[in-house]
2 protein chains.
Amino acid sequence: MDHIDFKILKILQTKARIPNVEVAREIGMAPSAVLERIKKLEAQGVIDGYEVRLNPDQFEGSLIAFLHVTLTRNARIKETAMALADMASIQEVHYIAGEDGLMLKVRVADTSALETLLTTRINPMPSVARTKSSIVLSTFKETAKIPLPETYHTTP
Amino acid sequence: MDHIDFKILKILQTKARIPNVEVAREIGMAPSAVLERIKKLEAQGVIDGYEVRLNPDQFEGSLIAFLHVTLTRNARIKETAMALADMASIQEVHYIAGEDGLMLKVRVADTSALETLLTTRINPMPSVARTKSSIVLSTFKETAKIPLPETYHTTP
DNA sequence: AATGAAACTCGCGCGGC
DNA sequence: GCCGCGCGAGTTTCATT
């Protein structure tokens, strides 16, 4: 992976659906060479897939909340985390250092949908001791972009 | 926006870079009709763009942390949030209800990079009273997918 | 709004450098 | 590893219903 690969990834990170030839034009290479690199990045698992970015406030998912889930002393962490991961309105499940807890990011229609999620699905779980909700009033930035370095020095 | 649009969005949400004809095949319509709908969704702002999903542990961004930033009594919230949003390693900036605080999601190389970010950039800000870091040990789920309803009833 | 056909553009494999 | 060429496949426009 060299600095040309990073150029390609930077382009794809903002507009992933543009044709291959346009990527090639932007970095000044032949389309076939660019295609070769992209295929390689996909095979290596550097590129995990392509997603459409939807505008959240056009859907029933305008309320974001972060939930701090405290687990019981003898909780089965992995099972609990995976059960939570199966729920569509839970976008993120992270295990947090030092607090025996999970951090969840959820996206629901409104506070009543959040209440339903908490009381009927999360709180009843045996491994869940308690939850603390932080409700988002406004979002200033929300991206999954991974910052890529300007220059990349090859490590052989 | 009808149920056909939702079908299209569901397909694009998992694999955005597939050819148009394949989308058309999957929902049983002519390619030109699908294209027309996609263009319309883009124009309406329902589709915000297309992104590549990169594998984080192949980059210098394998450490995720959630930072709870407590603001000072007379803080300029918007200015502070926007200044934080400008930093590449900060992926999310949310204003949280009830605690005069911001919730940040950051993605950095390691704990020392996090330390640098905190001590040189975040903590010195005049509106920042204190920060509390929650470091992620493992991630079970991390997606930006917005759950779409199976059936959609047109609201005229 | 969906369709089918036509014109155009791109994806992608191959041979050569 | 990059380029150029070529054919099959996909994209896009447009007249038609």
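Every value quoted in this text rests on a predicted model; they were computed, and no experiment measured them. A, B, ... follow the sequence lines: proteins, then strands. Residue 1 opens every chain. Side-chain atoms are counted along with the backbone in the values below, which use heavy atoms only and exclude waters and symmetry mates.
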Participant: Which residues satisfy the side chain to side chain donor-acceptor pair (under 3.5 Å) test with A/Glu142, sequence neighbours excluded?
Facilitator: A/Lys105, A/Arg107
Participant: Taking only heavy atoms on the protein side, list every residue of residues 41-51 of chain B lying under 4.0 Å from any atom of DNA chain C, sorted numerically.
Facilitator: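 Heavy-atom cutoff 4.0 Å gives no residues at all.
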Participant: Identify, residue by residue, the members of residues 27-39 of chain A with a heavy atom below 4.0 Å from DNA chain D, and return them in order of residue number, or none.
Facilitator: A/Met29, A/Ala30, A/Ser32, A/Ala33, A/Glu36, A/Arg37
Participant: Quick one: pull up CG in B/Leu63 and OG in B/Ser89 and give me the separation to the nearest 0.5 Å.
Facilitator: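 The OG atom of B/Ser89 is 11.0 Å from CG of B/Leu63, to the nearest 0.5 Å.
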Participant: Going 5' to 3' on DNA chain D, which nucleotide is the first and which the last to come under 4.0 Å of a heavy atom in chain A?
Facilitator: D/dG1 to D/dG4
Participant: If you measure from OG on A/Ser133 to CG on A/Leu67, what distance do you get to the nearest 0.5 Å?
Facilitator: 4.5 Å
Participant: Using salt bridge (Lys or Arg N to Asp or Glu O under 4.0 Å) as the criterion, list what pairs up with A/Glu26, not counting sequence neighbours.
Facilitator: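 Listed in chain order: A/Lys15.
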Participant: With sequence neighbours excluded, what pairs up with A/Glu60 under the salt bridge (Lys or Arg N to Asp or Glu O under 4.0 Å) test?
Facilitator: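 Salt bridge (Lys or Arg N to Asp or Glu O under 4.0 Å) check on A/Glu60 returns nothing, list empty.
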Participant: Listed by chain and number, what are the side chain to side chain contact (heavy atoms under 4.5 Å, CB included) partners of B/Ile4, not counting sequence neighbours?
Facilitator: B/Asp2, B/Ile8, B/Ile27, B/Met29, B/Arg37
Participant: Got a sec, which residues hit side chain to side chain contact (heavy atoms under 4.5 Å, CB included) with A/Asn20, two or more places apart in sequence or on another chain?
Facilitator: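 A/Asn20 satisfies side chain to side chain contact (heavy atoms under 4.5 Å, CB included) with A/Val34, A/Leu35, A/Ile38, B/Arg17 once adjacent residues are dropped.
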Participant: Considering only heavy atoms from C-beta outward, does the side chain of A/Phe66 approach that of A/Val106 to under 4.5 Å?
Facilitator: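 Not in contact.
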Participant: For the side chain of B/Lys141 and the backbone of A/Ile90, is there at least one donor-acceptor N/O pair under 3.5 Å apart?
Facilitator: yes
Participant: Between A/Glu99 and A/Arg130 (salt bridge meaning N to carboxylate O under 4.0 Å), is one present in this structure?
Facilitator: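 Answer for the salt bridge query: no.
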Participant: With sequence neighbours left out, what residues match A/Lys145 under salt bridge (Lys or Arg N to Asp or Glu O under 4.0 Å)?
Facilitator: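 For A/Lys145, the residues satisfying salt bridge (Lys or Arg N to Asp or Glu O under 4.0 Å) (neighbours in sequence not counted) are B/Glu51.
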Participant: Among residues 12-25 of chain A, which ones have heavy-atom contacts with DNA chain C below 4.0 Å?
Facilitator: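 When residues 12-25 of chain A is checked for heavy atoms under 4.0 Å from DNA chain C, the hits, listed by number, are A/Pro19, A/Asn20, A/Val21, A/Arg25.
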Participant: Without swapping roles, check the side chain of A/Asp48 against the backbone of B/Leu54 for a donor-acceptor pair under 3.5 Å.
Facilitator: no
Participant: Let me confirm one number: the OG-CG distance from A/Ser134 to A/Leu104, rounded to the nearest 0.5 Å.
Facilitator: 11.5 Å
Participant: Does any donor atom in the side chain of B/Tyr50 or A/Gln13 lie under 3.5 Å from an acceptor atom in the other side chain?
Facilitator: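 There is no such pair (donor and acceptor under 3.5 Å, judged by atom type) between the side chains of B/Tyr50 and A/Gln13.
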Participant: Please find the pair of heavy atoms, one from A/Gly45 and one from B/Asn55, that lie closest to each other, and give the distance.
Facilitator: O-CB, 3.0 Å
Participant: Hey, is the main chain of A/Gln44 close enough, under 3.5 Å, to the side chain of B/Gln58 for a donor-acceptor pair?
Facilitator: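 Yes, B/Gln58 side chain to A/Gln44 backbone: donor-acceptor pair under 3.5 Å.
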Participant: Tell me the bend of the helix from C/dA1-D/dT17 to C/dC17-D/dG1 as the angle between end helix axes, each from five pairs, rounded to the nearest 10 degrees.
Facilitator: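 Taking the rotation axis at each end, their angle is 30°.
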Participant: Could you list where the contact with chain B starts and ends along DNA chain C, reading 5' to 3', using a 4.0 Å heavy-atom cut-off?
Facilitator: C/dA1 to C/dG4
Participant: At what distance, to the nearest 0.5 angstrom, does CG of B/Leu102 lie from CG of B/Leu71?
Facilitator: 4.5 Å
